[in-house]
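The structure appears right after this line, and notes come after that.
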Amino acid sequence: MELTFVNPGVDYMLEQIMEFQAEDETGFWAEPLYHFYPQLDKTFAMSLTFPERKAYIEMTLRSVYADLSDTINQKVILYANHWAVCKKQIIDALSDAFDVDCSVLFNDLRCNVSMNPIMPRFLKEHCFDVFYLNGEKGAIGNAIHEIIHFVWFYVWNRLFKDRYEEYERPTLKWILSEMVVESVMKDDRLSSINPYFNREQGGCIYPYFFDMTADGSLILDKLDEMYKSQHIHDFMRNSYSYCQKHEEEIRAHIQSYEDR
């Protein structure tokens, strides 16, 4: 497993930022941009038509990038150096978790150090983004989260032989993959190097999962119990069946959170 950190350039960053500013996007995904970039006037932006808003955001953030480009380039080096320190224990932990030799997998992973506060990942392209405001420890913590997805779906695809298109938001397979990250991350080799792991520090998964229940029990507790007691293949089958059984409650909970 090899991970290369890059500055992908402002055009790429703006393209990804605007993916989460679509007219039908919820505030959960769209509003962090205005929090991290006070140069953007949210009230003014929302008064514009979507094409006008897009042009306003892009013009403003191009100017911001001009001031940040050197910082982002420095973060690329900082993150890469810290990855080199942590790489072996990450690979060892994930190899044990997924019962597969991760040292020979994903030798072309790319991490884009981006202005985008939302950090997407692209399974087929073997790349993902991290937000440039992370320190080196936070960047690696976020990278572990994304790498778990790559390995999870590598093993999942070999087991189920389904399509990668089924692994993206808002499918149930995507939702499950986001929930199980916390259980995998509980390995001390991973949690100890992720400053966001503890829920008090934000957690390593979306916070709307923390209080999600089904049949009067916390769903994360049920999944964690299954993860600890089952081989990864059995866990994938049984956890997905469990989520299918409770899909209505799961989706209603997420929707209620995103609509706040």
Side-chain angles (χ1 to χ4, degrees), residues 1-17 19-20 32-33 36-37 61-62 64-98 100-155 177-178 181-182 184-198 201-205:
M1 183 178 290
E2 297 293 343
L3 176 59
T4 302
F5 292 86
V6 300
N7 176 347
V10 67
D11 289 340
Y12 170 88
M13 296 181 196
L14 291 174
E15 178 183 354
Q16 296 308 316
I17 284 170
E19 286 291 322
F20 296 95
L33 186 70
F36 286 104
Y37 297 103
L61 293 185
R62 283 185 186 278
V64 173
Y65 176 80
D67 295 329
L68 288 179
S69 60
D70 287 345
T71 297
I72 292 173
N73 290 332
Q74 291 166 8
K75 290 294 183 76
V76 166
I77 298 170
L78 184 66
Y79 297 170
N81 289 340
H82 195 56
W83 163 257
V85 173
C86 302
K87 172 183 167 181
K88 184 180 185 305
Q89 71 189 78
I90 294 171
I91 291 173
D92 289 348
L94 295 181
S95 295
D96 290 346
F98 290 99
V100 63
D101 183 4
C102 289
S103 67
V104 299
L105 298 179
F106 301 112
N107 288 319
D108 60 348
L109 286 174
R110 185 178 77 253
C111 177
N112 300 306
V113 182
S114 176
M115 292 171 59
N116 188 2
I118 308 297
M119 296 171 280
R121 54 109 176 104
F122 306 95
L123 293 170
K124 285 187 174 180
E125 293 80 6
H126 291 183
C127 73
F128 60 92
D129 295 2
V130 297
F131 191 31
Y132 86 96
L133 277 179
N134 280 292
E136 67 272 29
K137 294 180 180 179
I140 296 306
N142 284 326
I144 296 170
H145 175 114
E146 302 305 337
I147 293 170
I148 287 171
H149 287 313
F150 283 97
V151 184
W152 170 272
F153 282 121
Y154 171 82
V155 175
S177 77
E178 293 292 344
V181 165
E182 185 177 64
V184 178
M185 194 85 73
K186 285 184 178 179
D187 186 311
D188 186 61
R189 291 169 292 183
L190 303 178
S191 61
S192 64
I193 57 174
N194 182 359
Y196 304 133
F197 172 73
N198 291 323
Q201 303 303 319
C204 62
I205 59 176

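- Across all non-hydrogen atoms, the minimal contact from Val76 to Val6 is CG2-C, 3.7 Å.
- Annotation for Ser103 and Ser95: closest pair N-OG, 4.3 Å, computed over non-hydrogen atoms.
- Taking the six-membered ring where the residue is Trp, Phe106 and His126 present perpendicular rings, their angle passing 60° and hence far from 30°.
- Of the residues Asn7, Asp129, Thr4, the one that meets the side chain to side chain donor-acceptor pair (under 3.5 Å) test with Asn112 is Asp129.
- Atom-to-atom distance recorded for Cys86:SG and Arg189:CZ is 13.5 Å, nearest 0.5 angstrom.
- The side chain to side chain contact (heavy atoms under 4.5 Å, CB included) search around Val184 returns Leu94, Ala97, Phe98, Ile148, Leu190, Tyr227, not counting sequence neighbours.
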TODO: Go through the steps for Phe150 and Leu105 under the test side-chain contact (heavy atoms from CB on, under 4.5 Å), then give the verdict.
DONE: CA-CA 10 Å; Phe150 283 97; Leu105 298 179; over 6 Å; no

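- Counting heavy atoms from C-beta outward, Arg62 and Asp11 have side chains that approach closer than 4.5 Å.
- Counting heavy atoms from C-beta on, the side chains of Leu3 and Phe128 come closer than 4.5 Å.
- In this structure, the side chain of Ser114 does not engage the main chain of Met13 through any donor-acceptor pair within 3.5 Å.
- Between the SG atom of Cys111 and the CZ atom of Arg121 there is a distance of 14.0 Å, given to the nearest 0.5 Å.
- At least one side-chain heavy atom of Phe153 sits under 4.5 Å from a side-chain heavy atom of Ser177.
- His145 and His149 have perpendicular rings, their planes meeting at more than 60° on a 0 to 90° scale where under 30° would count as parallel.
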Open item on the list: Between Glu19 and Asn116, does the side-chain contact (heavy atoms from CB on, under 4.5 Å) criterion hold? Intermediate values first, please.
Closed with: CA-CA 10 Å; Glu19 286 291 322; Asn116 188 2; over 6 Å; no

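- Once rounded to the nearest 0.5 Å, the distance linking CE of Met185 with CD1 of Ile193 reads 9.0 Å.
- The SG atom of Cys204 sits 5.5 Å away from atom CZ of Phe197, with the distance rounded to the nearest 0.5 Å.
- Note: Cys102 SG to Asn107 CG = 11.0 Å, rounded to the nearest 0.5 Å.
- Under a 3.5 Å cut-off, the side chain of Tyr37 and the backbone N or O of Met115 do form a donor-acceptor pair.
- To the nearest 0.5 Å, the span separating CG on Asn73 from CZ on Phe5 amounts to 14.5 Å.
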TODO: Applying side-chain contact (heavy atoms from CB on, under 4.5 Å), run through Lys186 and Ser191 and close with a yes or a no.
DONE: CA-CA 6 Å; Lys186 285 184 178 179; Ser191 61; 5.8 Å; no

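- Of all heavy-atom pairs between Phe20 and Gln16, the closest is CD1-O, 3.3 Å.
- Residues Ile90 and Ile140 form a side-chain contact, since some pair of their non-hydrogen atoms from C-beta on lies under 4.5 Å apart.
- Closest approach of Gly9 and Tyr65 over heavy atoms only: CA-OH, 4.2 Å.
- Here Leu78 pairs with Lys75, Glu136 under the side chain to side chain contact (heavy atoms under 4.5 Å, CB included) rule; sequence neighbours left out.
- At a threshold of 4.5 Å between non-hydrogen side-chain atoms, the residues Glu146 and Leu109 do not count as touching.
- Smallest separation of non-hydrogen atoms from Gln201 and Tyr196: O-CD2, 3.9 Å.
- Counting non-hydrogen atoms of other residues, nucleotides and ligands closer than 6.0 Å to NZ of Lys137 gives a total of 12 or fewer.
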